[in-house]
Amino acid sequence: MNDTPGWASPGSADDRNTNPPRPAEPAGSSQWADNQPPPAPWSGQTGGHGAPTPPPAPGWGGGPHHGWGVPVAAKPGVIPLRPLGVTEILEGSVATLRGHWPTVLGITLTVSVFAQLCITAADLAFGIEPVKQSAEPGTDEALREAFDSARVALINALPTMFIGLIVTFLVTALLTMVVSRAVLGRKLSLTEAWQEARPRLPQLLGLTFLLPLIAVAIAATAMTPGLLLGGNSGALLLTLGTLVGMPLMIWVMVRFTLAPTALMLERQGVMAALRRSARLVEGAWWRTFGIMLLTILISFVIQLIVGIPFIALGYLADSGGMSDLMAGRTPDSWQFLLVTGIGAVIGYAISYPLSAGVTALLYIDQRIRRESLDLELARVADLPGSGTPSPTSGFTS
């Protein structure tokens, strides 16, 4: 699909003639007769009414190919300027971290250390002791204890959730600008990234808090009738509401997943960014969902691999030692919180750039597929024969 009239979508039929002309052979070297009938065109080489399709024009639409007919695209930065595969999106995110590590790690380490200090302070100052469980509770007592435990867990998680939103807001703002320049083969310092992102911070902050509110509103609308009704009928209605509300919430969140990037790079307002994301994701929902789910799983595995050794060291540093671990108790000493906090900062410093990079590159990939953004990126990157860049593309030199 091409949303921009007059632009050929990358990968269209006109770009698929991957058979270059056969080089001329020296005179007398061929064993065949000189006058041969013209080759019959195959179905992929015919135009309208069976007419042969002319060879592709030189430039971005019909560039050279290699291997099994895979187009060779210009690569001024971390990705080739053509529609991307899942592996290329992940590799581009990792390449941004590797090639721009002073800025990327400067952003993520600063934000992660600040966030972890706030989370630790909130846990020490406002954390509520877990509800003590009875040895042999009755049915009513077990339900009451389960409800109290869930309430305490939610209250203890609120500071972490709030700080997590702030971290997401800052990391998205700064790393989006870094990735947009990494695609062009250019670098930004931490100061330059902040200067470019700063004008869009109020709108991005509003969007950062609006998205969770939308998710909560959907879940509450689906589950409240069952909670109010109570009894067996209420439990059945609550289950039905959950089965309907959760998929709907996931569907909406995936449609809006590109909104922060659109807001930063296209200088959109909050509602315009939501509509822009929905248009870009339309027709590619499952692909977007799969890539984001894969990114979440990879980030979780990274934090798990990094965090487990530090959790073990935290138990050893605590006065209770491994006995707390065997008893299933989580220490609240400053030694344990300090050691595990260091592990969390290291895990976040790796996973945050991966997640932000994948989202930004997925946005770029969708615009390449729908709007031939690769042509505009070529112009911004000053590649030969690419023309003059448009000031409305969202990418600047």
Side-chain angles (χ1 to χ4, degrees), residues 93-94 97-98 101-135 137 144-175 190 194 208-209 212 295-357:
S93 182
V94 174
L97 173 59
R98 185 174 60 247
W101 66 267
T103 302
V104 172
L105 290 184
I107 293 170
T108 54
L109 285 177
T110 301
V111 174
S112 298
V113 169
F114 172 77
Q116 196 60 41
L117 289 175
C118 292
I119 291 173
T120 302
D123 287 341
L124 293 175
F126 306 109
I128 302 176
E129 290 291 332
V131 177
K132 294 182 179 180
Q133 304 292 328
S134 302
R144 179 181 58 80
E145 290 178 352
F147 177 79
D148 290 342
S149 297
R151 178 178 57 82
V152 169
L154 178 61
I155 293 174
N156 287 336
L158 285 177
T160 301
M161 294 168 61
F162 177 79
I163 295 169
L165 286 177
I166 299 298
V167 169
T168 302
F169 155 68
L170 291 173
V171 170
T172 299
L174 298 175
L175 289 185
L190 179 56
W194 172 257
T208 301
F209 282 95
T295 305
I296 292 173
L297 292 176
I298 293 175
S299 299
F300 175 76
V301 170
I302 290 174
Q303 293 181 11
L304 201 64
I305 293 174
V306 174
I308 287 179
F310 282 92
I311 292 175
L313 290 176
Y315 275 103
L316 292 176
D318 183 66
S319 58
M322 299 302 291
S323 60
D324 286 338
L325 178 61
M326 301 303 296
R329 294 190 298 269
T330 302
D332 57 0
S333 65
W334 67 268
Q335 296 96 331
F336 178 83
L337 294 176
L338 176 63
V339 174
T340 55
I342 293 174
V345 167
I346 296 175
Y348 289 143
I350 300 173
S351 60
Y352 279 152
L354 175 67
S355 178

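The side-chain hydrogen bond (donor to acceptor under 3.5 Å, both in side chains) check on Gln303 picks up Ser351, with sequence neighbours excluded. Residues passing the side-chain contact (heavy atoms from CB on, under 4.5 Å) test with Thr208, sequence neighbours excluded: Leu165, Phe169, Leu204. Considering only residues two or more places apart in sequence or on other chains, Trp101 meets the side-chain contact (heavy atoms from CB on, under 4.5 Å) condition with Leu105. By the side-chain contact (heavy atoms from CB on, under 4.5 Å) test, Val94 pairs with Arg98, Leu354, sequence neighbours left out.
Residue Pro353 comes nearest to Ser93 through the heavy atom pair O-OG, 3.3 Å, listed as atom of the first residue, atom of the second, then distance. The nearest pair of heavy atoms linking Ala356 to Val171 is CB-CG1, 4.3 Å.
The local environment of CZ in Phe209 is crowded, with over 12 non-hydrogen atoms from other residues, nucleotides or ligands closer than 6.0 Å.
Of the inter-residue distances, the one linking Ile308 atom CD1 with Leu313 atom CG reads 12.0 Å to the nearest 0.5 angstrom. Atom CG of Leu174 sits about 4.5 Å away from atom CD1 of Ile107, to the nearest 0.5 Å.
The shortest distance between side-chain heavy atoms of Val167 and Tyr352 falls below 4.5 Å.
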Side-chain donor-acceptor pairs of residues 339-349 under 3.5 Å, sequence neighbours excluded:
unit_1: Thr340; atom_1: OG1; unit_2: Phe336; atom_2: O; d: 2.7
unit_1: Thr340; atom_1: OG1; unit_2: Leu337; atom_2: O; d: 3.3

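Each of Leu297, Ile298, Leu304 was evaluated against Phe300; a single residue qualifies, Leu304, per the side chain to side chain contact (heavy atoms under 4.5 Å, CB included) test.
Sequence neighbours left out, not one pair with a member in residues 103-115 passes side chain to side chain donor-acceptor pair (under 3.5 Å).
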